[in-house]
Amino acid sequence: MERELAKVRRNIYVSRAISKLQEKSQEYINFLEIFEHKYTQEAVKAALRELYMFNREIKDIKGLTAALIIKNYHL
């Protein structure tokens, strides 16, 4: 998951959205770990790959990530 997270941080919109969180990257990593235990690691990785291609402003990074994880979980 670290490789996908490093890649997704290169996206300017994702980077800006993460920087708006209170604890920044650590809060987002903790959020991903919770979903990794609840769903699968593959669903989280697929969501991060999809998030990397996002090309507009992200208002709620956690909500968008959760939606993508749930969407990819059922594939």
Side-chain angles (χ1 to χ4, degrees):
M1 182 179 78
E2 292 174 19
R3 174 185 267 166
E4 287 81 9
L5 187 59
K7 183 177 178 182
V8 82
R9 278 194 213 153
R10 285 187 238 150
N11 182 320
I12 188 70
Y13 300 107
V14 174
S15 180
R16 285 180 186 166
I18 290 173
S19 70
K20 292 178 185 175
L21 297 174
Q22 261 185 348
E23 296 177 21
K24 309 229 186 281
S25 294
Q26 189 58 45
E27 182 178 346
Y28 192 64
I29 291 170
N30 293 340
F31 175 78
L32 290 176
E33 287 175 355
I34 290 168
F35 272 89
E36 194 173 58
H37 291 292
K38 187 171 184 176
Y39 296 97
T40 62
Q41 187 176 19
E42 293 305 315
V44 173
K45 286 181 180 181
L48 289 175
R49 283 190 295 265
E50 198 170 328
L51 196 59
Y52 175 72
M53 296 192 203
F54 220 74
N55 61 354
R56 61 189 128 149
E57 184 181 355
I58 301 170
K59 300 213 184 265
D60 181 17
I61 188 74
K62 287 182 171 183
L64 178 61
T65 305
L68 291 174
I69 290 171
I70 292 167
K71 180 184 124 189
N72 287 309
Y73 178 68
H74 295 291
L75 294 178

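Smallest separation of non-hydrogen atoms from Glu33 and His37: O-CD2, 2.9 Å. Taking each heavy atom of Met1 and Gln41 in turn, the nearest pair found is N-NE2, 3.9 Å.
Atom-to-atom distance recorded for Ile29:CD1 and Glu23:CD is 11.0 Å, nearest 0.5 angstrom.
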Listed pairs under 3.5 Å, donor-acceptor, residues 48-55 side chains, sequence neighbours left out:
| residue | atom | partner | partner atom | Å |
| --- | --- | --- | --- | --- |
| Glu50 | OE1 | Lys71 | NZ | 3.3 |
| Glu50 | OE1 | Asn72 | ND2 | 3.4 |
| Glu50 | OE2 | Lys71 | NZ | 2.6 |

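Formation of a donor-acceptor pair under 3.5 Å by the Ser19 side chain with backbone atoms of Arg16 is found in this model.
Cluster annotation: Ile69 is not connected to Ile34 through the hydrophobic network of ILVMFWY side chains, with a link wherever side-chain heavy atoms come within less than 4.5 Å. Under the 4.5 Å side-chain heavy-atom criterion for Ile, Leu, Val, Met, Phe, Trp and Tyr, Tyr13 and Leu68 are members of the same hydrophobic cluster.
With sequence neighbours excluded, the residues that form a side-chain contact (heavy atoms from CB on, under 4.5 Å) with Leu21 are Glu27, Tyr28, Ile61, Lys62. Taking Phe31 as the reference, Phe35 meet the ring pair (Phe, Tyr, Trp, His ring centres under 6.0 Å) condition, with sequence neighbours excluded. In this view, Gln26 and Asn30 satisfy the side-chain hydrogen bond (donor to acceptor under 3.5 Å, both in side chains) rule, not counting sequence neighbours. In this structure Thr40 satisfies the side-chain contact (heavy atoms from CB on, under 4.5 Å) test together with Glu42, Ala43, Tyr73, sequence neighbours excluded. Residues passing the salt bridge (Lys or Arg N to Asp or Glu O under 4.0 Å) test with Lys20 are Glu57, sequence neighbours excluded. The side-chain contact (heavy atoms from CB on, under 4.5 Å) test applied to Ser25 returns Arg9, Ile18, not counting sequence neighbours.
Tyr39 places none of its side-chain heavy atoms less than 4.5 Å from the side chain of Val44.
Heavy atoms of other residues, nucleotides or ligands lying less than 6.0 angstrom from NZ of Lys24 number more than 12.
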